[in-house]
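Whatever order the structure lists them in is the order used to number ligands and atoms, beginning at 1. These numbers come from the heavy atoms of this one structure, side chains and all, not from hydrogens, waters or symmetry mates.
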Amino acid sequence: MNDSYLKFVNSPFGARLARSLGLPKPEVLRRYRGDRPEFDGLIAIGAGHEPRLFDALAKLVASIGMTSVAHESAGLWVPLANRHGLMTGRFEAAEAGSSGKLAALLFDASGIEDSSHLEPLYGFFHDTLRSLGQCGRIVVLGRPPEACASSRQWTAQRALEGLTRSLGKEARRGITANLVYVEEGAESTESGIDATLRFFLSPRSAYVSGQVVRIVQSSAQSGTQGGAGGAHVGGGTSALAVDWAQPLAGRRALVTGAARGIGAAIASVLAAEGAHVIGLDMPSARDALAATLRPLNGTALAFDIAAPEAPAQIAAALDEQGVDIVVHNAGITKDKTIAKMSEAAWQSVLDINLGAQERIDDALLAGGILRDRGRIVAVSSISGIAGNLGQTNYATSKAGVIGRVQSMAPRLRARGITINAVAPGFIETQMTAKIPLTIREAGRRMNSMSQGGQPVDVAQTIAWLAQPGSAGISGQVVRVCGQSLIGA
Ligand SMILES: NC(=O)c1ccc[n+]([C@@H]2O[C@H](COP(=O)([O-])OP(=O)(O)OC[C@H]3O[C@@H](n4cnc5c(N)ncnc54)[C@H](O)[C@@H]3O)[C@@H](O)[C@H]2O)c1
């Protein structure tokens, strides 16, 4: 789908006209491209009271090849900064290279234990936000409030959400702002701090803003014993060696609804990251499915997931080698207000968007076909969070998907399997092309990016959650919505 307004206001004439009429000018978002460096430029790092994640941050920033400067808010940990060879002192725009701009702002708020400790956040963002370049990245790190020892610490850590979400709304210019809560002891690569920071600092997260992600100790770290088959998923805190260029190498991934739209993008991104993709779609979409999977050397499965025999058929097709990643993407809409909705429209949406996911997972888990340390990612929607006029059936199904990942996450932990949901906002696909023009235009603009997302934005988010190094992220919902005003 084309966003002609975005194209127009980014042309020389359109930009002049938009400026003179005071019209909004959505930024052309910088997305990941294999032929451009993923990480470059300067990161300013700030810190609050007794920062605890600094070692992990310094290591990560050095490993991705970005240069960092520490803000004076980090004065408390100057010795630490020196130990890592970071420059310290007040940030000067001149340090940021030829553009005079920073690429990212990172703030370690993990040691904040009281609301009186929140002040350095003001100082850091007050001084640096204007120096953050187009499509820059903001990441705030804290501790999960619910795991805090005191009420004061819980309060102060929870306050970070308001700050981060507001930064996303204020920054504009394609800048994203996200909050990562890292549980004490979950600083290892396996739990997800590396994969998560890489994702949020990369152009891969172009349309993910205003999100809060929790990283807890993975089952391997906490030494949980394996479930089905008695396999041991534990093994202490041994460091996970990740090939960041191909983090999914050697993995087999099932993607439903892979013939077109978001599903086709998921298949393509997972394959680019090294996975063997088994794409599934309706028998009627057989040709489109084959066209999507051919260049990826993928395997096609033509099944209707609503058919009662589908779970057993899928399990049989995957049985020999099993599967490591399951992406439940297939979904439909049949919009009508509930008074006008037919029973068939209610039932088919609930069945395809929710019931089929449950039945397929039951079959794959019962048969041990989804391997230990597997990853399940289900596609929900912001309609499932906020509700939507004319979508009682769809929103019910998508809210059910959220309930499913929340309830299953603790049950799958013993096997090292994670289950998460992504909730797309307005994504440019054939599904959203069917929406009447005025509603479509409102959906596109009502977010901090003032534009719709692309299928690849959802796909990249799923690829991050599917990584072996995202083991400490489970039971969560990540919105891919450009920080939509709906369901905030
Ligand atoms: N596009 C958006 O803005 C948006 C927003 C929120 C959520 N989503 C969700 O993202 C997912 C993908 O959406 P999309 O926009 O790419 O839709 P789409 O209609 O372009 O693609 C959906 C795919 O699922 C397949 N499918 C549908 N029913 C199936 C069945 N019974 N068995 C097998 N395959 C089936 C279709 O054939 C199609 O290839 C859906 O779950 C949708 O609800 C999309």
Side-chain angles (χ1 to χ4, degrees), residues 1 3 207-208 254-269 278-293 300-311 313-314 317 327-335 345 347-357 359-360 377-388 391 393-402 404 421-435 439-440 442-444 446-447 451-459 461-462 477-482 484 486-487:
M1 270 294 296
D3 182 346
Y207 201 61
V208 183
L254 171 70
V255 180
T256 69
R260 66 177 204 191
I262 295 172
I266 298 167
S268 152
V269 170
I278 300 125
L280 180 152
D281 212 297
M282 295 284 283
S284 56
R286 201 185 291 267
D287 291 348
L289 182 64
T292 301
L293 293 172
L301 296 182
F303 295 130
D304 174 354
I305 56 168
E309 62 280 13
Q313 288 174 328
I314 296 168
V327 183
H328 294 289
N329 163 76
I332 59 165
T333 51
K334 288 199 174 166
D335 296 357
Q347 271 173 358
S348 59
V349 169
L350 265 289
D351 192 51
I352 291 170
N353 294 2
L354 182 59
Q357 291 192 11
R359 296 191 294 270
I360 292 170
V377 188
V379 179
S380 175
S381 163
I382 57 169
S383 293
I385 297 171
N388 203 9
Q391 291 199 315
N393 51 358
Y394 184 75
T396 304
S397 70
K398 295 297 187 179
V401 167
I402 294 173
R404 215 168 79 74
V422 293
F426 185 98
I427 306 294
E428 306 280 358
T429 65
Q430 292 183 38
M431 190 184 257
T432 46
K434 288 191 295 193
I435 301 173
I439 303 175
R440 187 164 73 221
R444 252 192 199 134
M446 282 170 56
N447 58 72
Q451 61 192 282
Q454 295 295 330
V456 71
D457 299 326
V458 182
T461 309
I462 289 173
V477 184
V478 180
R479 295 193 297 143
V480 185
C481 62
S484 173
I486 299 166

Distance alone, cut at 3.5 Å: any donor-acceptor contact between the side chains of Gln391 and Asp335? yes

If you compare Gly452, Gly425, Ala302 by their heavy atoms, the one closest to atom 4 (C) of ligand 1 turns out to be Gly425

Pair Ser484-Asn447, side-chain donor/acceptor within less than 3.5 Å = no

re atom 28 (N) of ligand 1, the protein heavy-atom contact at minimum distance is Ile332 CG2, 3.7 Å

Those residues at least two apart in sequence (or on a different chain) that pass salt bridge (charged side-chain N to carboxylate O under 4.0 Å, His left out) with Arg404 are Asp361

In this structure, atom 3 (O) of ligand 1 is nearest to the protein heavy atom Ile427 N, 2.8 Å

Looking only at protein heavy atoms, what sits closest to atom 30 (C) of ligand 1 is Met282 SD, 3.2 Å

Notebook entry, point to check: Is Ala288 in contact with ligand 1, taking contact as a heavy-atom separation below 4.0 Å?
Noted result: no

shortest atom 24 (O) of ligand 1-to-protein heavy-atom contact is with Gly257 CA, 3.4 Å

Check: of Arg440, Gln430, Arg260, min heavy-atom distance to atom 19 (O) of ligand 1 comes from Arg260

* Under 3.5 Å, is there a donor-acceptor pair between the side chain of Thr432 and the main chain of Phe426? -> no

With heavy atoms and a 4.0 Å threshold, my read on which part of Ile262 contacts ligand 1 is both

| query | N/O of Asn353 under 3.5 Å from N/O of ligand 1, yes or no? | reply | no

heavy-atom search around atom 31 (N) of ligand 1 in the protein gives Asp304 OD1, 2.8 Å

Next item on the list: State, with a plain yes or no, whether a side-chain heavy atom of Ile427 is found less than 4.5 Å away from one of Tyr207.
Entry: yes

Would the distance check show the side chain of Tyr394 and the main-chain N or O of Gly331 forming a donor-acceptor pair, the cut-off being under 3.5 Å?
no

* Are any of the heavy atoms in Thr256 under 4.0 Å away from ligand 1? -> no

Any heavy atom of Thr429 under 4.0 Å from ligand 1? The part involved is side chain

Closest to atom 40 (C) of ligand 1 among protein heavy atoms sits Asn329 O, 3.2 Å

heavy-atom search around atom 38 (C) of ligand 1 in the protein gives Asp281 OD2, 3.6 Å

Work out whether the distance between some heavy atom of Ala264 and some atom of ligand 1 is less than 4.0 Å.
no

Task: Residue-ligand contact Lys398/ligand 1, heavy atom below 4.0 Å - done: yes

**Asked** Judging by distance only, is a nitrogen or oxygen of Ile305 under 3.5 angstrom from one on ligand 1?
**Response** yes

Quick look: Ile352 vs ligand 1, heavy-atom contacts under 4.0 Å, and the answer is side chain

Sorted by chain and residue number, the salt bridge (charged side-chain N to carboxylate O under 4.0 Å, His left out) partners of Asp287 (sequence neighbours excluded) come out as none

heavy-atom search around atom 9 (C) of ligand 1 in the protein gives Val379 CG1, 3.6 Å

Contact region, Tyr394 to ligand 1, non-hydrogen atoms below 4.0 Å, reads side chain

Distance col, row Lys334:NZ vs Ile352:CD1, nearest 0.5 angstrom, shows 6.5 Å

Check your understanding: Hey, is Arg440 close enough to Asp3 for a salt bridge, meaning N to O under 4.0 Å?
Key -> no

Filtering Thr432, Val480, Val422 for the heavy atom nearest atom 2 (C) of ligand 1 leaves Thr432

**Item:** Flag side-chain contact, heavy atom, 4.5 Å: Ile462 against Val379
**Value:** yes

